[in-house]
Amino acid sequence: MIGGGKNAFIGAVHRIAANMDGLIELHCGAFSSNPDVSLESGKELGLSQDKCYESYTQMIETEAKLSPKERMDFVSIVTPNHAHFAPAMLALENGFHVVLDKPMTLTLAEAKLLEQKVKQTGLYLCLTHTYAGYPMVKQARKMVAENDFGAIRKIMVEYPQGWLSTDFENAGNKQAAWRTDPSKSGVSGCMGDIGTHAAHLAEYISGLKITQICADINTVVANRRLDDDGNVLLKFNNGANGILVATQIAAGEENSLKIKVYGEKGGLEWHQMEPNTLIVKWQNAPAQLYRTGNGYLSPIAAFNTRIPSGHPEGYLEAFGNLYKNFALTLQAKSEGKEPTENMLDFPTAADGVRGMAFIENVIASGKSSQKWTEFII
């Protein structure tokens, strides 16, 4: 692991998710840019001192010299955006697979270089778009792919949060501080942080690609350096249209990601804060509630479900599904087998490139006086 040391929120989430299915163990880490903090963090996590490295460079280069049985198999990078590209590239260059937080890099150009390196090496990169890991999201994707709703016509996705309704970044909150700092977060705040999740979910469920956008991007809190609110009109490659709303200044909201997808014959609706339920609506029949863990669900939804119906599965389990599928893929390859479609169902470097393209296109569109702009990669 790179990053995720003492008092870091997302590092702990990664470790819980990775450990959930008994397929992965924490082997070593460079948990902080501060060597003392890295050592303390590693010791608290039960690692021996020789596996607590002072820097990611030292860790990757040292591990690369060990035999295959002694060294790490892959690295998880759980740092702020500006510290994604260099360690990911170094890991790939030294023969290690990568799990990487989104957005993939600081710029689209960096993302393209990483994708190119993944293709050159034949290694795997998993991008942690967590919401793609929920069983009912996978059920929704399968139903769309099987044409249950006919041609998709309309997609509405919204991601409202309220935690940045005030200048939290100046109140000592580290999470807010780096997310609103252009040198660490990139050209976008809200759209880079949660807008990318909404865009990925829209494309993942629908199987479509965004081709045009028209963006209204706002910075609502005074003196904030990056966007904290936005509204985006979308056009997709099959002619469907959509709306994407992402905001972090919706006071009182927690993590209220929602998506609605409508086709010719019906549609679906999924809410992240009620993740075990998929609402399916029909033009000429009553609406249905699909629930996690039941026998009528698709095989891929079942593959990503751990417990019987009625037992809540949430964010950590969805995160765990990304790690499980990634680990099973690496295990299959190590045994000379081809990974199954279910194993390979995790976001990749290609998704990371589209995410960075979304960020840069949305910000450019928000600054433009042109109504519609092409989605350029």
Side-chain angles (χ1 to χ4, degrees), residues 1-5 8 10-33 35 37-79 83-101 114 117-128 133 303 306 319-349:
M1 179 165 282
I2 297 173
I10 202 65
V13 171
H14 276 263
R15 289 189 292 269
I16 293 168
N19 192 52
M20 193 168 289
D21 296 286
L23 297 170
I24 300 165
E25 64 177 347
L26 182 65
H27 174 75
C28 60
F31 300 102
S32 172
S33 56
V37 174
S38 183
L39 180 60
E40 291 171 14
S41 300
K43 285 183 176 179
E44 288 184 4
L45 294 167
L47 293 178
S48 59
Q49 186 168 341
D50 66 321
K51 290 299 181 180
C52 303
Y53 293 99
E54 294 185 358
S55 69
Y56 72 79
T57 304
Q58 181 194 43
M59 182 183 78
I60 291 171
E61 291 179 348
T62 301
E63 291 288 318
K65 295 174 183 176
L66 301 176
S67 70
K69 290 185 178 180
E70 294 176 305
R71 65 181 174 224
M72 65 183 183
D73 294 299
F74 71 92
V75 60
S76 291
I77 301 171
V78 297
T79 54
H84 285 182
F85 174 76
M89 183 63 78
L90 187 62
L92 292 167
E93 288 172 344
N94 281 272
F96 296 112
H97 307 282
V98 174
V99 173
L100 185 58
D101 262 340
L114 269 190
K117 181 59 68 174
V118 168
K119 291 178 179 178
Q120 287 175 351
T121 60
L123 296 167
Y124 289 96
L125 186 149
C126 171
L127 194 69
T128 55
F303 186 78
R306 292 178 176 79
F319 219 119
N321 285 336
L322 301 186
Y323 269 102
K324 181 188 75 170
N325 295 346
F326 187 70
L328 290 173
T329 294
L330 301 192
Q331 190 176 67
K333 293 297 287 187
S334 71
E335 295 171 353
K337 302 174 183 177
E338 281 303 309
T340 67
E341 183 180 352
N342 286 349
M343 293 174 186
L344 290 167
D345 184 26
F346 53 82
T348 67

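Since the structure is predicted, the reported quantities are computational estimates derived from the model, not experimental observations.
- Judged as a side-chain contact (heavy atoms from CB on, under 4.5 Å), and not counting sequence neighbours, the contacts of Glu61 are Thr57.
- Rounding to the nearest 0.5 angstrom, the gap separating the NZ atom in Lys117 from the CE atom in Met89 is 6.0 Å.
- Rounded to the nearest 0.5 angstrom, Phe74 CZ and Leu123 CG are separated by 13.0 Å.
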Going by atom type alone, with no hydrogens or angles, which donor-acceptor pairs under 3.5 Å involve a side-chain atom of residues 43-52 and a protein atom two or more places apart or on another chain?
from  : atom 1 : to    : atom 2 : distance (Å)
Ser48 : OG     : Asp50 : OD1    : 2.4
Lys51 : NZ     : His27 : NE2    : 3.2
Lys51 : NZ     : Glu63 : OE2    : 2.9

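- With rounding to the nearest 0.5 Å, the separation of CG in Leu344 from CZ in Phe326 is 10.5 Å.
- A donor-acceptor pair under 3.5 Å is absent between the side-chain atoms of Ser32 and the main chain of Ser38, judged by distance alone.
- In terms of heavy-atom proximity, Met20 sits nearest to Gly320 at SD-CA, 4.5 Å.
- Atom CD of Glu341 has 12 or fewer neighbouring heavy atoms from other residues, nucleotides or ligands inside a 6.0 Å radius.
- For the side-chain contact (heavy atoms from CB on, under 4.5 Å) test, residues two or more places apart in sequence or in another chain that qualify with Thr62 are Tyr53, Gln58.
- Qualifying side-chain hydrogen bond (donor to acceptor under 3.5 Å, both in side chains) partners for Ser41, counting only residues two or more places apart in sequence or in other chains: none.
- Listed here is the closest heavy atom pair of Pro339 and Met343: CA-SD, 3.8 Å.
- In this structure, the side-chain contact (heavy atoms from CB on, under 4.5 Å) partners of Ala18, at least two apart in sequence or on a different chain, are Ile24, Tyr323.
- Nearest heavy atoms, Ala327 versus Leu23: CB-CB, 4.0 Å.
- Taking CG of Asn321 as the reference point, atom CG of Asp21 lies at 7.5 Å (rounded to 0.5 Å).
- Side chain of Arg15 to main chain of Met1: no donor-acceptor pair is present (N/O by atom type, distance under 3.5 Å, no hydrogens or angles).
- Using a 4.5 Å cut-off on side-chain heavy atoms (C-beta onward), Ile60 and Met72 make contact.
- The line from OG of Ser76 to CD1 of Ile10 is 11.0 Å long, rounded to the nearest 0.5 Å.
- Contact record, Phe85 with Leu114: CD1-CG, 3.8 Å, taken as the closest heavy-atom pair.
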side-chain contact (heavy atoms from CB on, under 4.5 Å) between Phe303 and Asp345: does it pass, once the steps are laid out?
CA-CA 10 Å; Phe303 186 78; Asp345 184 26; over 6 Å; no
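- Atom CG of Asn19 and atom CD1 of Ile16 lie 9.0 Å apart (nearest 0.5 Å).
- Nearest heavy-atom pair across Pro35 and Ser33 is CD-O, 3.4 Å.
- Closest heavy-atom contact between Ile77 and Ala83: CG2-O, 3.8 Å.
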Give every donor-acceptor pair under 3.5 Å between a side-chain atom in residues 91-101 and any protein atom, sequence neighbours left out.
from   : atom 1 : to     : atom 2 : distance (Å)
Asn94  : ND2    : Leu90  : O      : 2.9
His97  : ND1    : Tyr124 : N      : 3.0
Asp101 : OD1    : His14  : NE2    : 2.9
Asp101 : OD1    : Thr128 : OG1    : 2.7
Asp101 : OD2    : His14  : NE2    : 3.4

